[in-house]
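Reviewing the structure listed below.
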Number of protein chains: 2
Amino acid sequence: MEGAKGPQGRRLPAARDAAEPSDLPDEAPLAGGLRVRLKDVAAHAGVSRATVSLVLRKSPLVKAETRAKVEEAMAGLGYVYNRSAANLRSGASRTVGLVLCEITTPNFAQLTAGIDEVLGTEGYMAFIGNAAEDAARQREVLVRMQEHGVDGLVVVASENTRADALEEGACARMPCVLAQRRVEGFPADYVGPDYGAGMELITEHLIGLGHRNIAFIGGVRRIAPLAERMAGFHRALRRHKLKSGAVVPCAVIDRSSGYTAARELLAKGDIPSAIVCYNDVVAFGVMLALDERGLVPGRDVAVVGCDDVDEAGLHRPALTTFTTDPRVVGREAARLLLRRIAHPDRPREEIIVPPRLVIRQSCGAANRPTGGAR
Amino acid sequence: MEGAKGPQGRRLPAARDAAEPSDLPDEAPLAGGLRVRLKDVAAHAGVSRATVSLVLRKSPLVKAETRAKVEEAMAGLGYVYNRSAANLRSGASRTVGLVLCEITTPNFAQLTAGIDEVLGTEGYMAFIGNAAEDAARQREVLVRMQEHGVDGLVVVASENTRADALEEGACARMPCVLAQRRVEGFPADYVGPDYGAGMELITEHLIGLGHRNIAFIGGVRRIAPLAERMAGFHRALRRHKLKSGAVVPCAVIDRSSGYTAARELLAKGDIPSAIVCYNDVVAFGVMLALDERGLVPGRDVAVVGCDDVDEAGLHRPALTTFTTDPRVVGREAARLLLRRIAHPDRPREEIIVPPRLVIRQSCGAANRPTGGAR
DNA sequence: CGCAGCATTTGGATCGATCTAAATTTTCGT
DNA sequence: ACGAAAATTTAGATCGATCCAAATGCTGCG
């Protein structure tokens, strides 16, 4: 019933129908340049299309012998699975969208790597979309992801993202895991570090070293992680009945704004004995500013960060900080998403990755003034 | 002719056929939770499916009036385009694969951002795949990308990638742009920085400052960028009839291996007057090692890098280096790929992004010992 | 008025897989 | 050896868009 169509049947790859009898040399991978289809594999293996389909999906229904025959045919013909076709019929694309508030944040490379790692083992593939901290672009990206029929989403929400923005973006209508940043009022699965506990831990550490005037630098953005951090910071202070030192926001979360913020603080003559920074990158900027005023971080003023980026251990002085393990967060987010895709009705889940305090020199606690690389 | 099928027709979303008469309230976005199809839009707008399809693809054939009617219907029903279906028929997925040798390299976040930026404006979406510098994983990723029917690829090849590996991976059979790393013998489009010219420029700069014993640290990997850099380095030396100082490889290209390599060099008592580093990150490690031996980078030993990462300007001493503009490379790679997709037969193209020398303190040329943030 | 020529719209086949229910083969107990 | 149950395979409809050729509507001109 093949190759005997109406007056149509002409396509770009010209003589498809003519070649139909399927007499291509047995071991020719991709003979004519035409894409090999499931149908071709079936013909070559002497079974039906349905059987080949079952083999592809590793169904236990097919006899081992048949499976071998089909697999041989696939290898021989150089068959490449067409997921678009499969997707159309089955509705599952084995595709996941990764929506990042800002790709270039150092954290996110690790996060992405963790996600990719897990997805890869399951044969999933991630679309990447950068919202660049912009609500409109985030929306756009979400729409495009939907068009491509992703099975689910990992979202690191942009600044100022409200729950309704995500709902509109269809995050509510499909499996969706928020990573690193919670979105108030949007009850999706969540995976993230325990910023609060980390801040509490590291502030406790400073207090234990005798610090009483502790400032906080960094973070003006309206995102959940800042609130969580401040809460942890204040919890520790409260426990010791201490008042917070100066709190200086930053315009953006990066090295140079940490630098600027610290200069501002020091210029006022208000020199705290310790500075807790929003994250490591801000801390580097802060240390730079201290340095410029002749203050040695770790001796004159303790400085601590958050994240434990690669650089932290190699900076001089090496930075005391706590881990937020973005790679682990990525892995867990991917795993959770896959679970959610498999069981859309399971109860909401939250995975909080515990912080680990990493004591180095910048807090003044370590006694080796210089040391090896990590 | 609808809703009157054989004894089949039962699907997961239960009563699809029953709801077919399409009497959903005019402005109800996503009434029953069933996905709205092109067919629904057509019915709602009172035109044929073909016409709606033309509207979707912005064809100039449809009358403005009709277009408006259709667009209204789409908005009213909350229609979401299904690219899998379109892809199956048309063969174009508006999807591109981004294969990275190692996501976590700082460069690659910028590269990815640049690519995403350009693709976004054209409605394309990128799959991301991390090869983690592993040939087998790279192969796997390439296969998966093919399965998903990408229209083209941007590849930053993993270490030791041979041309035949890419050919096998189908890069030869579809639009493919190599970025940042050339692959010998694989004549695809290429976009990358001019590592050679940059190295030449910066080495010249050191020679101009009077340096005669210039070492090179970093790079053992079998990738093209190292060869290009070494060539540039040697070109400059040759022009001034100088012999190369020590050349010390690194196990990996990162801060700590730069540190280790420099320690090794210094331990031998061979103290060069200047050190050219494989890149900025290695340079930071090298400066750390110098520091440890009481040598001040920029005063006792000049140190220069390559890339001009964000950190370079904020490090103390600020690093003299040259730009490799990964974001620009990403943008150009994406543009080139789109051009290639549109015209598969156009001649091969190479885009070389010129370097810019950034003179700061670590080479000893700048006279301000400290300075503001960039 | 008739008809060529253009602008617009349309029916129906099609892409390549999956799904369902039914057909076929095999296994096994008696 | 027979028939029922289990194991395996299959035909044909189907997913939701695009493509093509052909149909329709409209305009203007001789």
Side-chain angles (χ1 to χ4, degrees), chain A residues 1-13 16-17 34-43 45-67 69-70 74 79-94 147-149, chain B residues 1-13 16-17 34-43 45-67 69-70 74 79-94 147-149:
Chain A
M1 213 51 55
E2 225 76 89
K5 289 289 149 54
Q8 273 164 298
R10 270 168 301 119
R11 308 225 65 70
L12 291 191
R16 160 88 90 190
D17 282 19
L34 294 177
R35 196 160 174 172
V36 178
R37 298 146 305 165
L38 180 141
K39 185 203 281 185
D40 303 318
V41 174
V47 299
S48 74
R49 281 158 37 245
T51 303
V52 177
S53 177
L54 289 173
V55 170
L56 277 172
R57 284 171 293 139
K58 311 206 186 311
S59 159
L61 288 179
V62 297
K63 216 198 308 187
E65 198 183 317
T66 313
R67 179 191 310 283
K69 206 165 51 178
V70 171
M74 294 201 299
Y79 173 68
V80 176
Y81 187 56
N82 182 335
R83 268 188 211 281
S84 284
N87 182 20
L88 176 56
R89 183 67 239 254
S90 73
S93 63
R94 300 225 127 209
E147 290 186 355
H148 283 287
Chain B
M1 213 52 55
E2 226 74 90
K5 288 289 149 54
Q8 272 164 299
R10 272 168 297 118
R11 304 226 67 69
L12 291 189
R16 161 88 87 186
D17 282 20
L34 294 177
R35 195 160 176 174
V36 178
R37 296 148 306 164
L38 178 142
K39 186 205 280 186
D40 303 319
V41 175
V47 297
S48 74
R49 280 157 37 247
T51 302
V52 178
S53 178
L54 289 173
V55 170
L56 277 172
R57 284 172 292 140
K58 312 206 184 311
S59 158
L61 288 178
V62 297
K63 217 198 307 188
E65 198 183 316
T66 313
R67 179 192 312 285
K69 206 166 50 177
V70 170
M74 293 200 300
Y79 172 68
V80 176
Y81 188 56
N82 180 336
R83 269 189 210 280
S84 283
N87 182 20
L88 176 57
R89 184 69 238 258
S90 73
S93 61
R94 300 226 128 207
E147 290 185 355
H148 283 286

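To find a chain, count down the sequence lines: A is the first, B the second, and so on, and within it residues start at 1.
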Please report, to 0.1 Å, the donor-acceptor pairs under 3.5 Å made by any side chain of residues 79-86 of chain B, with sequence neighbours excluded.
{"from": "B/Asn82", "atom 1": "OD1", "to": "B/Ser84", "atom 2": "N", "distance (Å)": "2.9"}
{"from": "B/Asn82", "atom 1": "OD1", "to": "B/Ala85", "atom 2": "N", "distance (Å)": "3.1"}
{"from": "B/Arg83", "atom 1": "NE", "to": "A/Glu147", "atom 2": "OE1", "distance (Å)": "3.2"}
{"from": "B/Arg83", "atom 1": "NH2", "to": "A/Glu147", "atom 2": "OE1", "distance (Å)": "2.9"}
{"from": "B/Ser84", "atom 1": "OG", "to": "A/Asn87", "atom 2": "ND2", "distance (Å)": "2.2"}

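The side chain of A/Ser48 places an N or O atom within less than 4.0 Å of a non-bridging phosphate oxygen (OP1 or OP2) of D/dT10. For D/dT10, one of the phosphate oxygens OP1 or OP2 lies less than 4.0 angstrom from a side-chain nitrogen or oxygen of A/Thr51. Neither OP1 nor OP2 of C/dG16 sits under 4.0 Å from any side-chain N or O of A/Tyr79. Note on B/Arg37: a side-chain N or O is less than 4.0 Å away from OP1 or OP2 of D/dG16. Contact check, B/Ser53 against D/dC19: no side-chain N or O comes under 4.0 Å of OP1 or OP2.
Of all nucleotides listed (C/dA17, D/dT8, D/dT18), D/dT18 comes nearest to the side chain of B/Ser90.
For the side-chain contact (heavy atoms from CB on, under 4.5 Å) test, residues two or more places apart in sequence or in another chain that qualify with A/Ala50 are A/Ser48.
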(request) Could you go through the side-chain contact (heavy atoms from CB on, under 4.5 Å) check for A/Arg37 and A/Asp40 one step at a time? (result) CA-CA 5 Å; A/Arg37 298 146 305 165; A/Asp40 303 318; 2.9 Å; yes
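Atom CZ of B/Arg67 sits about 8.0 Å away from atom NZ of B/Lys58, to the nearest 0.5 Å. The OG1 atom of B/Thr51 lies 11.0 Å from the CG atom of B/Leu56; values are rounded to the nearest 0.5 Å.
Residue A/Asn87 contributes atom CG, which lies 11 Å from atom P of C/dC19 at whole-angstrom precision. The interatomic distance linking A/Arg89 (CZ) with D/dG16 (P) rounds to 9 Å, in whole Å.
For D/dT10, its base never sits under 3.5 Å from the side chain of A/Arg49 at any donor and acceptor pair.
Within 4.0 Å (heavy atoms only), A/Ala50 reaches at least one base atom of the nucleic acid. At the heavy-atom level, B/Val47 lies under 4.0 Å from the strands shown only through sugar-phosphate atoms.
Between B/Ser84 and B/Arg57, the one whose closest nucleotide on DNA chain D sits nearer the 5' end is B/Ser84.
For the helix from C/dC1-D/dG30 to C/dT30-D/dA1, the rotation axes defined at the first and last 5 base pairs enclose an angle of 50°, given to the nearest 10°.
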